[in-house]
Amino acid sequence: MFEARLPQAATLKRIIDPIKELVNDANLDCNDSGISMQAMDGSHIAMSSLQLRADGFDPYRCDRNLSLGINLTSFSKILKCAGNDDVITMKADDDADILSLMFEGKNGERVSQFDLKLLDIDSEHVSVPEQDYDCDIKISSAEFAKICRDLSGLGQSMVIDVTKEGVRFSAGGEIGNGSVMIKQGAASIDDEKGAIYTRINMREPVSVTLSLKFLNNITKATPLSETLEIHMTDDLPVLFQYNIGEIGHLGFYLAPQIPDEE
Amino acid sequence: MFEARLPQAATLKRIIDPIKELVNDANLDCNDSGISMQAMDGSHIAMSSLQLRADGFDPYRCDRNLSLGINLTSFSKILKCAGNDDVITMKADDDADILSLMFEGKNGERVSQFDLKLLDIDSEHVSVPEQDYDCDIKISSAEFAKICRDLSGLGQSMVIDVTKEGVRFSAGGEIGNGSVMIKQGAASIDDEKGAIYTRINMREPVSVTLSLKFLNNITKATPLSETLEIHMTDDLPVLFQYNIGEIGHLGFYLAPQIPDEE
Amino acid sequence: MFEARLPQAATLKRIIDPIKELVNDANLDCNDSGISMQAMDGSHIAMSSLQLRADGFDPYRCDRNLSLGINLTSFSKILKCAGNDDVITMKADDDADILSLMFEGKNGERVSQFDLKLLDIDSEHVSVPEQDYDCDIKISSAEFAKICRDLSGLGQSMVIDVTKEGVRFSAGGEIGNGSVMIKQGAASIDDEKGAIYTRINMREPVSVTLSLKFLNNITKATPLSETLEIHMTDDLPVLFQYNIGEIGHLGFYLAPQIPDEE
């Protein structure tokens, strides 16, 4: 028996939306410490990795390890039926072929009940070693999303360069070239959210070239968190990490392009 | 000579928009007691029925019974040219081949004048006997529209079940099943409009299966009224009725599906 | 060396957007008195004419007359990367093959740098003699844009008639006819901007027929200015002029249709 109750349905919507841009199907892995989901896009360029701690749910119960095969588009359609402030409860039996979802309005007078058919999905877990990166950046997630969207008008790849000066995002193509430079400590001011300061922690300078198509998919996670952490080392997949309140995080690993191959 | 003046053009826009989802052409029937329009969709599954009382207009004049054949898409294009708060005056001669429309801005400094070409439309009036239904429901029109939209992600039909517990809306299909249960007295809270309470008046339990495509057309009438009345008896067309301020109402009769035929 | 700095990037966005509806490429002509751009659409029906005075920029420097060949779609893509309140600086060398653009955020912590490749564009300057028109109208730019949009539902051409009564905009087609009459002094009330009064200065009555397709392109300039000046003489191109703050103006000359040819 698996049961997990979350006070805001919006959180789960915001988690699933960006993942479904990368893959159609993925396993929701549940055990007594929490819920995780790892999903690799078909071209093996991007991987999402979700971690939700058991203590972020109330109640949380998972008697046996379960791997629930989810079609993410179908899951997203069902989550759309929840109000953003509905309480959401997920349930599955140990030998389940459905995931049961309950949405409760604030005062319990409206209760929605959905059953999502589960799939058998073959997937192998990619173990990603914890590691120290050469550069760690913390930046306004909305500002990063805007930079990716803007530079998409110029080319298909974006270069991220971190130096002592700050972090530079650049792209180029037929119509010309462009770059955005953000300095250590720069404030991104949003009328609603106040100032978010860019923090750059650099041990070695880094320069990576990334696909703007995938970056624009990843930044669909922007509503999850005001800030985004970017972890980089030359020639390694870049990790984009969005924290999900106090309960976990959604990360994306994006393989760099080899410039000669562009 | 027919003349009818309405203080808010928005009302007429909101009436015509949902009707044009069902049919292309319909007769606007005018007599000394008011204006009516009955329109049946091509597949004979849904029928709209509009009633506007003469005393809702000022002035209202109709010397002879007139049947004005209207192309609803053209009518809607002309109504778009009116500001929402414009005063609107409709006029037609007794042997008219045009319906004349005048829109006046608040202070009369802007006056728009349109002529809509009329059509000859063969139509027979379906007389719908007044009747008592087994269940009468009054519900937030916006909440009902959201339920129809949400459940469209799951299947093509929606079942409405009324029992002592409340009213349940459900749908299902390849990806799974879902239902929304609303109890007697439940509040639908809208930040702008305040709370709207669901009222269920049940003499007999009812279960009807309806086409979500048609329901989504019907709920285009949502801006007309904060509340929607649903009148149901097993195996009879369901009546969805939107009141139009103090001046009339727009109803939709929707034939139930026979579940075996789905 | 050419250099021009403008305190609000939004101004340049709003200038380029409507021009790019008419033409793909145009020369930005820079000299010591300011910047101008003249662009004729391929069918020679509409011409845009931009004038920006040197004293509207700070600093402004132009050592030699330059003609910078711009692809307007590419320019617009780059301008989208600027925040509306960014300070924008354009620079070009005397024998430049790129136009350099710098966008600076409010506090200088974010700096974007773009290079737009320049083109060689053959263009002959059409000299438009200054002249007195028979009618000069000043009208709310938003109201005029709405009239053009609305009447597009009825036909492909709009007639503008100016008489002692006021100015009448009319169109017609298969579904019927329509006209909007605005009197001298009529107020167009916008909740945000307050009242804008229509001013008509008529020496001779005028009647011109114009293409709604081009009018809808021209009214993309609406965000530039709350008011629009329309200058008309029978059988001459109509001049639609949007003032750009204190620094210049963007005008469009639109050739009238000969009604028989419609």
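All values below come from the heavy atoms of this structure, side chains included, with hydrogens, waters and symmetry mates left out. First the proteins, then the strands, lettered A, B, ... as listed; each starts at 1.
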With only heavy atoms counted, which part of Glu143(A) is less than 4.5 Å from chain C, the side chain, the backbone, both or neither?
side chain
Point-to-point distance, once rounded to the nearest 0.5 Å, from CG of Asn177(A) to NZ of Lys117(C)
6.5 Å
Working to the nearest 0.5 Å, report the span between CG of Asp150(A) and CZ of Phe103(C).
9.0 Å
Does NZ belonging to Lys91(C) count more than 12 external heavy atoms closer than 6.0 Å?
no
Taking all non-hydrogen atoms of both residues into account, name the closest pair between Arg110(C) and Val180(A) and its distance.
CG-CG1, 3.8 Å
Which region of Leu116(C), side chain (C-beta onward) or backbone (N, CA, C, O), has a non-hydrogen atom less than 4.5 Å from a non-hydrogen atom of chain A, or is it both or neither?
both
To the nearest 0.5 Å, what is the distance between OG (Ser152(A)) and NZ (Lys77(C))?
10.0 Å
Can you establish whether the number of heavy atoms outside Gln131(A) located under 6.0 Å from its atom CD is more than 12?
yes
Pick whichever of Gly153(A), Ser170(A), Gly166(A) has the most heavy-atom pairs under 4.5 Å with chain C.
Gly153(A)
Chain C heavy atoms under 4.5 Å from Ile182(A): which part of the residue, side chain, backbone, both or neither?
both
When rounded to the nearest 0.5 angstrom, what is the spacing between CE in Met181(A) and CD in Glu104(C)?
13.5 Å
Taking atom NZ of Lys220(A) as the centre, does the number of heavy atoms from other residues, nucleotides or ligands within less than 6.0 Å exceed 12?
yes
Surrounding NZ of Lys146(A) (heavy atoms of other residues, nucleotides or ligands, distance under 6.0 Å), is the total greater than 12?
yes
For Lys213(C), look at atom NZ and say whether over 12 heavy atoms of other residues, nucleotides or ligands are found less than 6.0 Å away.
no
Look at Gly172(A), Ala171(A), Gly178(A) and state which one has the largest set of heavy-atom pairs under 4.5 Å with chain C.
Gly178(A)
For a quick test of reading the model, state the closest non-hydrogen atom pair linking Ile78(C) to Leu154(A) and the distance between them.
CG1-CD2, 3.8 Å
